[in-house]
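One structure is given below, encoded as structure tokens.
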Amino acid sequence: MENNEHNKKYDDLFTPLEKEILALIIKAKVLNDLTEIKNKYLSKKGEFSILMNKIREVDDKKAFGEAFNFARKKLESAFNEKVEEFKRLALNEELQKDSLDITLPGNNFKSGAMNPFYKVKREIEDIFVGMGYTVENGPEVDSDKYVFELLNIPKDHPARDMQDTLYIDDNLLLRSHTSSVQAHVMEKANGKPIKIICPGKTFRRDDDDMTHSHQFAQVEGLVIDKDINLGNLKATLELFAKKMFAKDAKIRFRSSYFPFTEPSVEVDVSCFNCKGKGCSVCKGSGWIEILGAGMVHPNVLKMSGYDPEVYSGYAFGIGIERVAMLRYGIDDIRRFYQSDVKFIKEFNKKVED
């Protein structure tokens, strides 16, 4: 039976209270008023609901039930409509508060710029990964064993004078080169071939001036396998120089000394500014020193479980700040660490050859 079709025999029992409740619903000003009306009249123990108890007193219970349900649904409908009205008003009020003035200028989000240090670091990594190297990382606080001893620098060795650095205790220190990572990798390799680069921070006792810092970063490389020779090293570094500096870059080796390589070399790249003619960048020589390298010392191989009669290898170390200063013409190493936004923004464009 539809709401408007029912036995009206008992309507008069409900009409007075029904009209009172409808009037209160219409007058409600806030949602809380409706809650009070529901609790007082329409809940299970509300004044309207308990009218249903009178069904015991009537003869035609079916007609009574129809009249009660008709009145109850009418009240519930009015109640729900009022609730929806309050919700619409609240939503409209919220929308008015959050209204968008399309005549206002939009927010201008500017893209940031990468510090040239990280631009160069990532580019160096990309170059060597493209040659088949894997990137390895290691602890910045390490033991004397890995920073010195496994690299053929025993205690009281004169080479320590250049690299003795910031000690935590008698055994732990801040690494003075990322060669310590190479020592870890060689120890874990169990005599198998290695082809890695190790980028990261290093720390040394040094002056802080335009070209020196107590903290700087290196990318060191290590290759160990059968039949590795100095020619392999030169070809690798020449390819790096061409990709990093200029397509026509050349390199040269000069004899040097490092305790963990034998023979050892300093590596110069032809000046990319004057093409070898001589300028202020290369101090008139036509060449710029960029890194140190050499063949892995037999003692280093032995201490890490390699037979130097079977295996050989080469290693090299590149100063990231050094390359960035040459690449971008930066005159002070300290500028990399000063968080100067104006300085960083100068390097937002890619430098082409």
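- A donor-acceptor pair shorter than 3.5 Å can be found between the side chains of Tyr41 and Glu20.
- For Ser179, the side-chain hydrogen bond (donor to acceptor under 3.5 Å, both in side chains) partners two or more places apart in sequence, or in a different chain, are Glu220.
- Heavy-atom neighbours of Phe86 CZ from other residues, nucleotides or ligands within 6.0 Å: above the threshold of 12.
- Every side-chain hydrogen bond (donor to acceptor under 3.5 Å, both in side chains) that Glu125 has, sequence neighbours left out, goes to Lys121.
- Side-chain contact between Val341 and Lys345: present, with at least one pair of heavy atoms (C-beta onward) separated by less than 4.5 Å.
- The pair Glu289-Arg254 counts as a salt bridge, with a side-chain nitrogen and a carboxylate oxygen less than 4.0 angstrom apart.
- A side chain to side chain contact (heavy atoms under 4.5 Å, CB included) with Val185 holds for exactly one of Ile196, Ile224, Leu222; it is Ile196.
- In this structure, Ser312 contributes its side chain and Ile228 its backbone to a donor-acceptor pair below 3.5 Å.
- The side-chain heavy atoms of Thr134 and Glu136, taken from C-beta on, include a pair separated by under 4.5 Å.
- Salt bridge annotation for Lys74-Glu18: present, with a cationic side-chain nitrogen under 4.0 angstrom from a carboxylate oxygen.
- Side-chain contact check for Leu34 versus Ile25: some heavy-atom pair is nearer than 4.5 Å.
- Contact between Cys271 and Cys279 at its shortest, heavy atoms only, is SG-SG, 3.6 Å.
- In this structure a side-chain-to-backbone donor-acceptor pair under 3.5 Å is present from His177 to Val147.
- Aromatic pair Tyr146/His184: centroids less than 6.0 angstrom apart.
- Classification of the Phe48-Phe68 ring pair by plane angle, with boundaries at 30° and 60°, yields parallel.
- Counting heavy atoms from C-beta outward, Glu187 and Ser304 have side chains that stay 4.5 Å or more apart.
- Below 30°, between 30° and 60°, or above 60°: for Phe240 and Phe245 the angle between ring planes is above 60°, a perpendicular geometry.
- Between Ala324 and Phe336, the closest heavy-atom pair is CB-CZ, 3.6 Å.
- Hydrophobic clustering keeps Leu150 apart from Ile153 (ILVMFWY residues linked when any side-chain heavy atoms are closer than 4.5 Å, directly or through intermediates).
- Between the side chain of Lys242 and the backbone N or O of Ala249 there is at least one donor-acceptor pair closer than 3.5 Å.
- Cluster membership for Ile194 and Met303, using ILVMFWY side-chain heavy atoms within less than 4.5 angstrom, is not shared.
- When atom types are taken as modelled, the side chain of Lys82 and the backbone of Lys27 share no donor-acceptor pair closer than 3.5 angstrom.
- Without hydrogens or angle criteria, Thr202 side chain to Phe216 main chain gives a donor-acceptor distance under 3.5 Å.
- Separation of atoms CD1 (Ile318) and CG (Leu291) is listed at 5.0 Å; rounding is to 0.5 Å.
- At a threshold of 4.0 Å, the pair Lys155-Glu149 counts as salt-bridged, since one of the basic side-chain nitrogens sits closer than that to a carboxylate oxygen.
- Side chains of Met186 and Val300 form a contact here, defined as non-hydrogen atoms less than 4.5 Å apart.
- Across all their heavy atoms, Ala78 and Leu22 have their closest contact at CB-CD2, 3.6 Å.
- Within a 6.0 Å sphere centred on CG of Asp227, other residues, nucleotides and ligands contribute 12 heavy atoms or fewer.
- Put simply, CZ on Phe148 and CZ on Phe260 are 10.0 Å apart, with the number rounded to the nearest 0.5 Å.
- Salt-bridge annotation for Asp142 and Arg175: absent, with no side-chain N of the basic residue lying under 4.0 Å from a carboxylate O of the acidic one.
- A chain of hydrophobic side-chain contacts below 4.5 Å, direct or via other Ile, Leu, Val, Met, Phe, Trp or Tyr residues, connects Met325 to Phe117.
- With respect to Glu123 and Arg327, a salt bridge is recorded, a charged nitrogen being found less than 4.0 Å from a carboxylate O.
- Using a distance-only test at 3.5 Å, with no hydrogens or angles considered, a donor-acceptor pair links the side chain of Asn232 to the main chain of Asn229.
- Taking every heavy atom of both residues into account, Ser256 and Glu266 meet most closely at OG-OE2, 3.2 Å.
- How far OG of Ser49 is from NZ of Lys40: 13.5 Å, rounded to the nearest 0.5 Å.
- Between the side chain of Arg335 and the backbone N or O of Asp340 there is no donor-acceptor pair closer than 3.5 Å.
- Side chain of Ser264 to backbone of Thr261: a donor-acceptor contact under 3.5 angstrom is found.
- The minimum heavy-atom distance between Phe203 and Lys201, with the atom names listed, is CZ-CB, 4.0 Å.
- Side-chain contact between Leu301 and Asp307 is absent, with no heavy-atom pair separated by less than 4.5 Å.
- Heavy atoms from other residues, nucleotides or ligands lying under 6.0 Å from NZ of Lys195 number more than 12.
- The side-chain hydrogen bond (donor to acceptor under 3.5 Å, both in side chains) check on Tyr133 picks up Tyr314, with sequence neighbours excluded.
- Between Ile320 and Val219 the shortest side-chain heavy-atom distance falls below 4.5 Å.
- Here the side chains of Pro308 and Lys302 are in contact, with some heavy-atom distance below 4.5 Å.
- Between Ser143 and Leu173 the shortest heavy-atom distance is C-CD2, 3.9 Å.
- Atom CG of Asp126 is surrounded by more than 12 heavy atoms from other residues, nucleotides or ligands within 6.0 Å.
- A cation-pi arrangement is not found for Lys62 relative to Phe64, the charged atom failing to lie both closer than 6.0 Å to the ring centre and inside a 45° cone about the ring normal.
- Neither Leu237 nor Trp287 shares a network with the other; the hydrophobic side chains, linked directly or stepwise wherever heavy atoms of I, L, V, M, F, W or Y lie under 4.5 Å apart, form separate groups for each.
- Residue-environment remark: CD (Gln338) exceeds the threshold of 12 foreign heavy atoms within 6.0 Å.
- Phe128 has its ring centre less than 6.0 Å from the ring centre of Phe316.
- Gln182 places a side-chain N or O within 3.5 Å of a backbone atom of Gly221 that can act as its donor or acceptor partner.
- In terms of modelled atom types and a separation under 3.5 Å, the side chain of Arg204 and the main chain of Ser176 share a donor-acceptor contact.
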